[in-house]
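Working notes, beginning with the structure itself.
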Amino acid sequence: MLNQPLPESWWPYLGGEFEKPYMQQLRGFLKQEKDQHKVIFPHSSHWFNAFQLTPLDQVRVVILGQDPYHGPGQAHGLCFSVRAGVAIPPSLRNIYQELQQDVGFQPPAHGCLTHWARQGVLLLNSVLTVEQGQAASHQKQGWETFTDKAIEVVNQHAPTCVFLLWGSHAQRKASFVDTRRHCVLKSPHPSPLSAHRGFFGQRHFSQANAFLQQQGRDMIDWQLPMTPPPDCQ
């Protein structure tokens, strides 16, 4: 638990975090949850999936979420993404709708976003675990400190990239990003409660690609495969 090493590109900058007191406390909290036979999502092999699928030197876009989905079979370590065979959550449906209007996206029947992650879209939640059926149950246990550090590492050491900050939580979490190096795009959250207040029509996906092209970097192919990839089965 928490001993799974990060990929080589991230380890020099984040590896030391695993020895710090806050991480020891987080490890103790998670062990206690397990000892009480509580079900934790996602599976421990997926806790660091965002880092595994998106090496630091390949980050092109950062999208920030809050907590993993807390229903069975949903979360697999990427914000907004769900595993194959799971109903597409409302916020992701709204993301698909905006993509349709912005870049002519054709929505698939699944919600797996590993195609984005493998292209350099860091899909990072603020908190990396949650108890089944208990939203926000693992907040303020230490994960936020770790993911704050991860954003700091991207800000300082990743190539010039785009931060898509949807909602006040994401905007506060990345408030220190250097806008002289990176492009920061902000809007309301895609949740059904707020999407109509400015998420729809913001055209962040085409804007992100325009910025990447200006920087001489490859653009993101936002179109997802119609069949979910094997790593989401």
Side-chain angles (χ1 to χ4, degrees), residues 6 9-10 12-14 16-17 20-23 25-26 47-51 54-68 77-81 91-92 94-95 98 102 113 116-117 120-130 135-191 193-212 214-215 217 220:
L6 297 172
S9 63
W10 290 97
Y13 305 103
L14 291 176
E17 299 299 299
K20 292 185 177 180
Y22 82 86
M23 191 61 82
Q25 293 171 7
L26 174 58
W47 290 354
F48 302 103
N49 222 13
F51 303 98
T54 310
L56 176 60
D57 57 358
Q58 296 178 26
V59 173
R60 286 188 270 166
V61 175
V62 179
I63 298 177
L64 299 179
Q66 295 188 39
D67 296 271
L78 305 178
C79 71
F80 295 107
S81 182
S91 291
L92 184 55
N94 286 339
I95 291 170
E98 174 60 19
D102 188 12
L113 305 182
W116 294 356
V121 181
L122 182 66
L123 296 165
L124 183 64
N125 276 316
S126 176
V127 175
L128 302 188
T129 58
V130 70
S137 52
H138 289 189
Q139 288 185 0
K140 299 181 180 178
Q141 298 295 334
W143 280 127
E144 293 92 341
T145 303
F146 180 76
T147 53
D148 279 351
K149 178 65 176 179
I151 296 168
E152 181 184 324
V153 167
V154 173
N155 181 53
Q156 294 180 355
H157 301 287
T160 300
C161 60
V162 182
F163 286 78
L164 303 184
L165 305 181
W166 301 332
S168 58
H169 178 87
Q171 290 161 23
R172 287 193 304 271
K173 189 167 181 67
S175 60
F176 57 84
V177 172
D178 185 355
T179 56
R180 296 167 299 180
R181 285 195 64 229
H182 306 291
C183 175
V184 176
L185 301 175
K186 301 178 181 180
S187 82
H189 194 275
S191 161
L193 298 175
S194 56
H196 291 279
R197 298 204 297 266
F199 178 79
F200 292 130
Q202 31 83 335
R203 302 183 67 84
H204 277 183
F205 304 99
S206 59
Q207 288 187 63
N209 273 348
F211 177 81
L212 291 169
Q214 290 168 6
Q215 298 297 315
R217 304 198 68 193
I220 303 295

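Count residues from 1 along the sequence. Note that the structure is a prediction, hence the values are computed from the model and not measured.
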Any donor-acceptor pair under 3.5 Å linking the side-chain atoms of Ser206 with those of Asp102? yes

Rounding to 0.5 Å, atoms CD1 (Ile63) and CD1 (Ile95) come to a distance of 6.5 Å

Nearest heavy-atom approach of Trp10 to Ala150 is CZ3-O, 4.2 Å

For the residue pair Ala158 and Val59, what are the closest heavy atoms and their distance? CB-CB, 4.4 Å

Minimal heavy-atom distance between Val154 and Cys161, with the atoms involved, is CG1-SG, 4.0 Å

Could you check whether any side-chain N or O of Ser187 sits under 3.5 Å from a backbone N or O of Gly198, counting only pairs where one atom can act as donor and the other as acceptor? no

Do Gln58 side-chain atoms and Gly120 backbone N/O form a donor-acceptor pair below 3.5 Å? no

Judged by atom type as modelled, is there a donor-acceptor pair below 3.5 Å linking the side chain of Gln66 to the main-chain atoms of Asn125? no

List for me each residue that meets side chain to side chain donor-acceptor pair (under 3.5 Å) alongside Gln207, sequence neighbours excluded, and say none if there are none. none

Take Leu14 and Phe51 through the test side chain to side chain contact (heavy atoms under 4.5 Å, CB included) and record every step on the way to the result. CA-CA 11 Å; Leu14 291 176; Phe51 303 98; 3.8 Å; yes

Do Thr129 and His138 meet the criterion of a side-chain donor-acceptor pair at a distance under 3.5 Å? yes

May I ask you to decide if His189's main-chain N or O and Ser194's side chain share a donor-acceptor pair within less than 3.5 Å? yes

Which word best sums up how the rings of Phe146 and Trp143 line up, parallel for under 30°, tilted for 30 to 60°, or perpendicular for over 60°? perpendicular

Considering only heavy atoms from C-beta outward, does the side chain of Ser126 approach that of His169 to under 4.5 Å? yes

Side chain proximity check, Leu56 to His157, heavy atoms < 4.5 angstrom: yes

Interatomic distance, Cys79 atom SG to Leu122 atom CG [nearest 0.5 angstrom]: 8.0 Å

Which residues satisfy the side chain to side chain donor-acceptor pair (under 3.5 Å) test with Asp148, sequence neighbours excluded? Lys173

N/O donor-acceptor pair under 3.5 Å between Arg217 side chain and Thr160 backbone: yes

When rounded to the nearest 0.5 angstrom, what distance separates CD in Gln141 from CD in Gln139? 10.0 Å

Take Thr179 and Phe163 through the test side chain to side chain contact (heavy atoms under 4.5 Å, CB included) and record every step on the way to the result. CA-CA 10 Å; Thr179 56; Phe163 286 78; over 6 Å; no

Take Leu212 and Val61 through the test side chain to side chain contact (heavy atoms under 4.5 Å, CB included) and record every step on the way to the result. CA-CA 9 Å; Leu212 291 169; Val61 175; 4.2 Å; yes

Contacts of Glu17 meeting side chain to side chain donor-acceptor pair (under 3.5 Å) (sequence neighbours excluded), chain-then-number -> Lys20, Tyr22

Using 0.5 Å steps for rounding, measure from the CG atom of Asn49 to the CG atom of Leu124. 11.5 Å

If we only count heavy atoms from C-beta on, is the Val127 to Glu144 side-chain gap below 4.5 Å? yes

Run the salt bridge (Lys or Arg N to Asp or Glu O under 4.0 Å) test against Asp67 and tell me which residues pass, sequence neighbours left out. none

Using every non-hydrogen atom in the two residues, find where Tyr13 and Lys149 come nearest and quote the distance to one decimal. O-CE, 3.7 Å

Kindly determine whether Leu113 and Val121 satisfy side chain to side chain contact (heavy atoms under 4.5 Å, CB included), including the steps that lead there. CA-CA 9 Å; Leu113 305 182; Val121 181; over 6 Å; no

Below 6.0 angstrom between ring centroids: does that apply to Trp116 and Phe80? no

Suppose we screen for side chain to side chain donor-acceptor pair (under 3.5 Å). Which residues come up paired with Arg197, at least two apart in sequence or across chains? none

Sequence neighbours left out, what passes salt bridge (Lys or Arg N to Asp or Glu O under 4.0 Å) with Lys186? Give chain and number order. none

Below 4.5 Å, heavy atoms only, C-beta onward: do Leu165 and Leu64 meet side chain to side chain? yes

Give the minimum heavy-atom separation between Ile151 and Ala174, together with the two atoms involved. CG2-CB, 4.3 Å

Trp166 side chain to Ser191 main-chain N or O, any donor-acceptor pair under 3.5 Å? no

On a heavy-atom basis, the closest approach of Ala195 and Pro190 is CB-O, 3.6 Å

